[in-house]
Amino acid sequence: NRFNPSSMMKRTTFSVVFFCKKTKLTKKGTAPIYARITTSGRSTEIYTQCRIEPEHWNQRLERCMLRDPVSTQINGILSTYRTNILAAYDSLIKEGKTLDCFAIKPRLEHAAVSSRMFLAEFSKYCDKRQKEVGIRLTQLTANKYHRLLRYMTEYTREQYRKDDLPLDAIDYAYIDGLNTFMQTAHNCKNNGAVNLLCCLKNFILYAIRNEWLEKNPFRYYKMKVDRTNVKVPLTKEELDTLIHKPLPNDRLARIRDVFSFCCLTGLAFTDVDHLRREHITTDEDGTQWIHKPREKTSVMSRVPLLPHPIALLRKYERDETCRARGKLLPVPSNAKMNAYLKEIATLCNIPKNLTTHCARHWHQKYLLNCLLYTSDAAERLSERVGRYMRYSQTPFDAHGSSYVRYTHSGKRGDALQCGQDAGTLQYEHDPPLCPNPRFIHYAGHADRSQSDGSVNRTVSEGHERP
């Protein structure tokens, strides 16, 4: 057997094809012209910045068939592109580098047009989002984009030794490395890092819509949210203890009042902080309600006020600090409130990590435990109905409706009672019945005469129970 040196050499193929991509047809009836570069079975596509009507394109000649000035100019651009591609391929051969289509593409783009830089464009995107504060998003959301820009600038300088990168250089490896960098260098938790990566994903989609990028680097990147650290809401006994526990100073008593108000209304921390007198209304029956759009989503919240929240509002009616700040309750900063809640939990012997959001979880839990129609519970919490289907664990009926499980602890409708102190947590009215008569809705009235605690369910709207 003779040794054949040519058999040790890897064969390299190279081709350039221009084509009209009809799948990206615009409303004007034009389609973009791409150049496909193929080397050894691997290919990449480059947008030539030219568009043409598909019926005027000759794929065999790879040219426009018309002879008008515009078509002639398009054919000239395509000839220039072919020349530049061949020149980039020739330079790779002379430099002794790997003949790869992905090595040709950046050389061609840098030679033809000035490439968009990633951090520069993301900085402009941050300024764009900042202008949308108060219209589409809040200041806290805009701050996340500026924070992500700071992290990406540090990561690019540390990992790539550059101040910026071409926009098309952002790939799967960059995103994965950035995720690791945020969790190690800046001690971000998994969910916090995923939250920031969602901001980067929004920018990538924005760049794709503007045709700055061809491929989405997030296509195969999985961002998994850690759902193991679930906030455990308080029990009714624990909330009753927290409300009635004598506290050593006024500082903790104020925090306790704000937290209990959030528990009994379901308002988030920022919504309580922005609660004003004009948000409190009274209906024809004399029941006081909170009608306020949520700060996060602008969805209107409609919450009936229980006796204890009304008492808290009256307590701080003449408070000088609240009147000076134009607020109804003495709401501190979120960080201080979470820190003081830890002290209160220790004093009340509650072995749970109390935060401001635990109050919203408490309200959500007991709304869903008292036979509230799911859309009504979501309306009071000003959230999407689908989020609460996960908590209800109730199967859908034939019409696609869902109802929350009714527990024996429920009294009547959405009645909630945590103690005997003036009906602290007791609603005065039943929830509205299901507005659609096609759906069966159980009123859930408890027969108090039954000693075994069983529930005698009645059917509303005259429908028979299935």
Side-chain angles (χ1 to χ4, degrees), residues 129-148 189 191-192 194-196 198-199 225 229-231 233-234 239 242 251-252 254-281 288-306 308-310 312-313 315-316 319 321-342 344 353-365 367 377-384 387-388:
R129 302 298 281 177
Q130 182 64 42
K131 295 178 181 178
E132 297 173 354
V133 172
I135 303 174
R136 294 183 179 178
L137 44 83
T138 62
Q139 183 60 53
L140 292 177
T141 304
N143 291 342
K144 288 195 301 184
Y145 286 90
H146 292 285
R147 178 185 172 195
L148 177 60
K189 302 300 181 182
N191 292 358
V194 168
N195 201 338
L196 292 177
C198 287
C199 298
V225 178
N229 187 20
V230 179
K231 296 181 177 65
L234 297 174
L239 181 60
L242 186 144
R251 169 178 61 87
L252 295 181
R254 285 170 170 258
I255 298 300
R256 187 256 310 276
D257 290 342
V258 175
F259 181 78
S260 60
F261 186 89
C262 292
C263 286
L264 303 179
T265 59
L267 295 183
F269 172 81
T270 183
D271 295 319
V272 174
D273 191 32
H274 290 85
L275 187 64
R276 299 295 182 266
R277 178 59 59 185
E278 56 268 19
H279 298 141
I280 310 297
T281 60
Q288 290 186 318
W289 291 73
I290 295 177
H291 289 82
K292 181 188 180 301
R294 194 180 177 199
E295 296 293 325
K296 181 179 179 180
T297 60
S298 298
V299 178
M300 181 61 69
S301 300
R302 298 174 178 85
V303 183
L305 280 175
L306 308 183
H308 188 66
I310 294 176
L312 292 177
L313 292 177
K315 177 181 178 180
Y316 294 99
D319 187 82
T321 304
C322 295
R323 296 180 67 178
R325 298 171 61 187
K327 298 183 179 181
L328 299 184
L329 293 170
V331 183
S333 66
N334 191 37
K336 286 185 177 180
M337 185 162 179
N338 286 333
Y340 297 158
L341 283 174
K342 306 296 186 296
I344 296 175
N353 183 25
L354 289 189
T355 62
T356 56
H357 204 61
C358 286
R360 190 167 172 82
H361 279 261
W362 188 93
H363 193 77
Q364 162 194 309
K365 172 185 174 182
L367 277 181
E379 180 181 356
R380 293 191 181 180
L381 292 165
S382 63
E383 292 281 1
R384 294 181 181 177
R387 289 186 56 184
Y388 297 94

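- With rounding to the nearest 0.5 Å, the separation of CG in L328 from NZ in K315 is 15.0 Å.
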Passes side-chain contact (heavy atoms from CB on, under 4.5 Å), V133 versus T138? Steps please.
CA-CA 5 Å; V133 172; T138 62; 5.8 Å; no

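- Dense packing is recorded around CZ of R325, with more than 12 heavy atoms of other residues, nucleotides or ligands lying under 6.0 Å away.
- Closest approach of H274 to E295, counting heavy atoms only: CB-OE2, 3.5 Å.
- With sequence neighbours excluded, no residue forms a ring pair (Phe, Tyr, Trp, His ring centres under 6.0 Å) with Y340.
- Side-chain contact between R256 and L252 is absent, with no heavy atoms from C-beta onward closer than 4.5 Å.
- Atom CZ of R136 sits in a sparse spot, with 12 or fewer heavy atoms from other residues, nucleotides or ligands closer than 6.0 Å.
- Here the NE2 atom belonging to H308 is positioned 6.0 Å from the CG atom belonging to L264, to the nearest 0.5 angstrom.
- No side-chain heavy atom of I290 sits less than 4.5 Å from a side-chain heavy atom of S301.
- Looking at K327 and Y316, their side chains never come closer than 4.5 Å, going by heavy atoms from C-beta outward.
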Go through D273 and M337 one step at a time and tell me if the side-chain contact (heavy atoms from CB on, under 4.5 Å) criterion holds.
CA-CA 12 Å; D273 191 32; M337 185 162 179; over 6 Å; no

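- With sequence neighbours left out, the side chain to side chain donor-acceptor pair (under 3.5 Å) criterion links T356 to N334.
- The line from SG of C263 to CG of L306 is 11.5 Å long, rounded to the nearest 0.5 Å.
- Between C358 and N353, the shortest heavy-atom contact is SG-O, 3.5 Å.
- A distance-only check finds a donor-acceptor pair linking the side chain of N143 to the backbone of Q139 [under 3.5 Å].
- The side chain to side chain donor-acceptor pair (under 3.5 Å) test applied to H279 returns no partner, not counting sequence neighbours.
- Between K292 and R302 the shortest side-chain heavy-atom distance does not fall below 4.5 Å.
- Distance alone, capped at 3.5 Å, places no donor-acceptor pair between the R294 side chain and the D271 backbone.
- Here OG of S260 is found 7.5 Å from CG of L242. Values are rounded to the nearest 0.5 Å.
- Residue R277 holds its CZ atom at 6.5 Å from CG of L313, rounded to the nearest 0.5 Å.
- Considering K144, Q130, R129 as possible partners of L137, the one that fulfils the side chain to side chain contact (heavy atoms under 4.5 Å, CB included) test is R129.
- Atom-to-atom distance recorded for D319:CG and R254:CZ is 4.0 Å, nearest 0.5 angstrom.
- Of all non-hydrogen atoms in C322 and P330, the two that sit nearest each other are SG-N, 3.4 Å.
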Carefully, step by step, assess F261 and L275 under the rule side-chain contact (heavy atoms from CB on, under 4.5 Å).
CA-CA 12 Å; F261 186 89; L275 187 64; 3.9 Å; yes

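- The minimum heavy-atom distance linking V258 with L329 is given by the pair CG2-CB, 4.4 Å.
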Checking side-chain contact (heavy atoms from CB on, under 4.5 Å) for the pair F269/V331: CA distance, chi angles, key distance, verdict?
CA-CA 8 Å; F269 172 81; V331 183; 3.4 Å; yes

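- Across all their heavy atoms, K342 and N338 have their closest contact at NZ-O, 3.0 Å.
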